[in-house]
J.: 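One structure coming up, written as structure tokens, with questions to follow.
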Amino acid sequence: MTSTPSVDDVLLDERALSKLRWRCRRGLLENDLFIERFFARHASTLTVRQAEAMGLLMDLSDNDLLDLLLGRRTPEGQLAQDDVVRLLGLLRAAGPTVH
């Protein structure tokens, strides 16, 4: 017996992925590096749920987002939900390498 994935676990279609990529364009190069590497690794497996979590992160200012990506701050309030925390983990793992 196989279970049907919930609507939130459905993969993003090409149009939704394109819209998400456009929304994720940032003013700080450092944020763009995290985000572009994330998309390079995970674009083909992104779910609706992950896109919603990314949307919450994109509502932040560039400096607040960078603080979360670098681990200088932890998610608080509306951002302190499992989906956002998991997505931050993926974004950090896909982050820029330090030499």
Side-chain angles (χ1 to χ4, degrees):
M1 207 165 129
T2 60
S3 64
T4 307
S6 74
V7 173
D8 292 338
D9 293 325
V10 172
L11 292 179
L12 283 183
D13 61 32
E14 285 298 318
R15 180 173 166 83
L17 181 60
S18 178
K19 284 182 172 184
L20 182 63
R21 279 182 181 265
W22 180 258
R23 180 151 190 247
C24 288
R25 294 172 41 144
R26 305 303 294 196
L28 282 178
L29 174 62
E30 293 85 347
N31 286 336
D32 281 336
L33 292 174
F34 276 99
I35 292 166
E36 284 305 312
R37 288 188 176 132
F38 168 80
F39 277 119
R41 291 182 182 169
H42 302 288
S44 65
T45 60
L46 277 179
T47 65
V48 171
R49 180 179 304 226
Q50 290 170 319
E52 289 170 356
M54 183 70 89
L56 292 174
L57 290 173
M58 293 304 109
D59 287 340
L60 296 171
S61 71
D62 281 336
N63 290 328
D64 289 341
L65 177 60
L66 186 59
D67 284 345
L68 287 173
L69 292 172
L70 293 175
R72 290 187 243 179
R73 288 184 37 213
T74 57
E76 299 172 349
Q78 184 182 9
L79 296 177
Q81 53 183 285
D82 290 342
D83 291 336
V84 173
V85 172
R86 278 193 292 274
L87 185 67
L88 273 172
L90 293 175
L91 281 158
R92 288 173 182 152
T97 53
V98 178
H99 296 281

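Residues take their numbers from the sequence shown, with the count starting at 1. Note that the structure is a prediction, hence the values are computed from the model and not measured.
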J.: Dump the intermediate steps for side-chain contact (heavy atoms from CB on, under 4.5 Å) on L68 and F34, then the final yes or no.
T.: CA-CA 11 Å; L68 287 173; F34 276 99; over 6 Å; no
J.: Give the minimum heavy-atom separation between R41 and A93, together with the two atoms involved.
T.: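 Scanning both residues, the minimum pair turns out to be NH1-O, 2.7 Å.
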J.: Any side-chain to backbone donor/acceptor pair from R26 onto I35? Under 3.5 Å, distance only.
T.: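 Checked: no pair found.
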J.: Is the backbone of G27 close enough, under 3.5 Å, to the side chain of D62 for a donor and an acceptor to pair up by distance?
T.: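 Yes, the answer is positive, given that a donor and an acceptor are paired below the 3.5 Å cut-off.
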J.: For residues L90 and Q50, determine if any side-chain heavy atom of one lies less than 4.5 Å from a side-chain heavy atom of the other.
T.: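 Contact flag for L90/Q50 side chains = yes.
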J.: Any side-chain heavy atom of L11 sitting closer than 4.5 Å to one from L17?
T.: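 Of all side-chain heavy-atom pairs linking L17 with L11, none is under 4.5 Å.
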J.: So E52 and D83, do their side chains get closer than 4.5 Å, heavy atoms only?
T.: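 They are not in contact (no side-chain heavy atoms under 4.5 Å apart), so the answer is no.
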J.: Taking C-beta and beyond as the side chain, do Q81 and R86 meet within less than 4.5 Å on heavy atoms?
T.: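 No - every pair of side-chain heavy atoms lies 4.5 Å or more apart.
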J.: Is there side-chain contact between M54 and L91, with at least one heavy-atom pair below 4.5 Å?
T.: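 Yes, their side chains come closer than 4.5 Å.
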J.: What heavy-atom pair brings R73 and R92 nearest, and what distance separates the two atoms?
T.: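 Shortest heavy-atom contact: O-NH2, 3.9 Å.
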J.: Do D64 and R72 meet the salt-bridge criterion of a basic N to acidic O distance under 4.0 Å?
T.: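 No salt bridge links R72 with D64.
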J.: Side chains of L87 and L56: does their closest heavy-atom pair fall under 4.5 Å?
T.: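 No, too far: nothing below the 4.5 Å cut-off.
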J.: For a side-chain contact (heavy atoms from CB on, under 4.5 Å) check, start with the C-alpha distance between D59 and R23, then their side-chain angles and the critical distance, and finish with the verdict.
T.: CA-CA 10 Å; D59 287 340; R23 180 151 190 247; 2.4 Å; yes
J.: Less than 4.5 Å apart, side chain to side chain, heavy atoms only: is that true for F39 and C24?
T.: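 They are in side-chain contact.
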J.: Assess the residue pair V10 and T47 against the criterion (side-chain contact (heavy atoms from CB on, under 4.5 Å)); give the C-alpha distance rounded to whole Å, side-chain angles, the decisive distance to 0.1 Å, and a yes or no.
T.: CA-CA 5 Å; V10 172; T47 65; over 6 Å; no
J.: On a heavy-atom basis, which atom in P75 and which in A80 lie closest, and how many Å separate them?
T.: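 In this case the closest contact between P75 and A80 is O-CB, 3.6 Å.
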J.: Find the distance between CD (E30) and CG (N63) and round it off to the nearest 0.5 Å.
T.: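 E30 CD to N63 CG: 9.5 Å, rounded to 0.5 Å.
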